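Note sheet for the following structure.
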Amino acid sequence: MSHVLTLNAGSSSLKFGFFRLNGTVEDPDPRIVGSIERIGAGERAHIKAKRQDGFVLIDQEFGRNHVPDHDTALARAVEFLKEQRPQAKLDAVGHRVVHGGPDYDEPVELTQTVMDRLAQFEPLAPLHQPHNLAGARAALKLFPEAVQLACFDTAFHRNHPWVNDTFAIPRKYYDQGVRRYGFHGLSYQYISETLHQIAPHLHMGRTVVAHLGNGASMCGLMGGRSVASTMGFSALDGLPMGTRCGQLDPGVLLYMLMNEGMTPAEIEDELYRKSGLLGLSGLSNDMRTLEAAGTEEARQAIDYFVFRIRRELGGLVAALGGISTMVFCGGIGENSALIREKVCAGMGWIGMELDETRNMRNERIISTDFSRVRILIIPTDEEIVIARAARDMLARRAEAAA
Ligand code: AMP
């Protein structure tokens with residue numbers, strides 16, 4: 001029996017998934033999914049993991065400083081998995097890597113040459129790429145026998161038309177890699193594949209997906225392929241997020257630099273960690289907290305979030321030349337009836353009509369029977385996309401060896 005470990009290393013977290021492969025075609029079977037949060041010196045990290053039926057296997061805090069870095073976090077996760085599945089042999093480790101730069105439009109095996117190339121993209125995603133690669137290095141040491149592969153958040157968007165790939169700045173920057181990459185690609189791939197399974201006629205059409213979580217973006221799909229996305233060069237652009245600003249006039253950066261005398265590191269901190277819903281509400285980055293708060297600032301933060309989603313929706317519909325399906329996913333998209341209702345309100349002019357009851361119940365189809373645009377909720381699953389890529393890579397290698 002083959003097994004796959006999926007790893008998704010964030011700045012202070014490590015998500016892991018343990019899958020069993022049932023052949024080369026069937027979907028990988030998620031046996032255990034979990035995460036270690038608050039990795040870092042001086043922190044008390046926390047491990048949580050569930051079986052596929054929802055049974056909680058562990059929910060425990062470590063002592064202060066017990067998980068100071070990603071190497072240790074991976075070692076702790078592996079210790080836990082070995083306790084749970086002492087006999088299981090790992091055949092592949094699939095890594096979520098945020099940036100594949102201009103090179104990669106599909107998963108790739110992590111050889112030393114590929115690792116070196118991916119390290120060159122660190123300046124393009126300074127807050128994510130180094131952690132992703134640290135996770136990969138740690139796994140390469142721990143599992144030298146397993147096939148290791150990288151699955152990129154940018155890959156799904158690599159075939160955008162040129163006008164959606166560039167900025168109007170001197171051309172030399174495009175050649176240096178300053179492009180509109182787009183992110184959340186594993187999530188959009190999952191939605192595209194799921195649409196293909198559950199409604200192939202909708203998959204063929206024009207779809208706008210709103211991935212609304214702590215990170216948020218939207219993507220326009222034509223025939224299941226990404227045509228345009230709200231995120232650009234970095235994971236800052238487009239929609240406002242939990243703590244990130246979203247679309248911003250670059251003149252604001254100049255103002256911060258020249259008038260406020262801020263350093264690049266201070267600006268980075270302001271835009272990545274102190275802006276978005278947190279910055280506007282002065283209260284929280286968490287939508288549940290804002291919905292419950294009832295303060296004027298919390299309401300305004302929600303209003304801005306919704307306003308930007310509606311603007312981007314209009315822009316994506318124009319880029320696609322129409323819309324047949326709208327999909328909500330991510331923690332907010334999947335769970336917040338209020339946000340979905342506000343986004344869809346008065347959108348009859350593009351054929352969107354929300355069914356109030358279905359929306360309140362978080363049903364799969366939340367449009368009315370008469371709505372020209374189908375509005376759906378599809379819970380996203382980035383881990384299974386990585387596990388499928390690992391399954392396919394193992395199958396190709398077995399075929400090549402036969
Ligand atoms: P994610 O990053 O996809 O895990 O999404 C996290 C976001 O989803 C946070 O802002 C949560 O507050 C939000 N969220 C989760 N459940 C709900 C809910 N029932 N209502 C509103 N927001 C929610």
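All values reported here derive from a predicted model rather than from experimental measurement. Each ligand, and each atom within it, is numbered from 1 in the order the structure gives.
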Taking every non-hydrogen atom, the tightest pair across R244 and Y272: CG-O, 3.4 Å
Heavy-atom pair with the smallest gap, counting every atom of A45 and I36: CB-CG2, 4.1 Å
Ligand-side contact atoms (ligand 1) for residue partner N214, heavy atom cut-off under 4.0 Å: 1 (P), 2 (O), 5 (O), 6 (C)
Atom indices of ligand 1, in the order listed, that fall short of 4.0 Å to a heavy atom of G213: 1 (P), 2 (O), 3 (O), 5 (O)
Parallel, tilted or perpendicular: rings of F233 and F167 (30°, 60°): perpendicular
Plane angle bin for H184 and Y188 - parallel if under 30°, tilted between 30 and 60°, otherwise perpendicular: perpendicular
Donor-acceptor pair between Q120 and D116 side chains, under 3.5 angstrom: no
Side-chain H-bond candidate by donor/acceptor type, Q189 with E193, under 3.5 Å: yes
Among all protein heavy atoms in this structure, tell me which lies nearest to [atom], with the distance rounded to 0.1 Å.
| atom | value |
| --- | --- |
| atom 10 (O) of ligand 1 | M287 N, 3.0 Å |
| atom 12 (O) of ligand 1 | D286 OD1, 2.6 Å |
| atom 19 (N) of ligand 1 | N335 CB, 3.4 Å |
| atom 23 (C) of ligand 1 | R288 CG, 3.7 Å |
| atom 7 (C) of ligand 1 | I332 CG1, 3.8 Å |

Location of contacts on E334 toward ligand 1, heavy atoms closer than 4.0 Å: neither
Ring center gap for H131 and H70 short of 6.0 angstrom: yes
Heavy-atom nearest option to atom 4 (O) of ligand 1, drawn from S187, A337, G331: G331
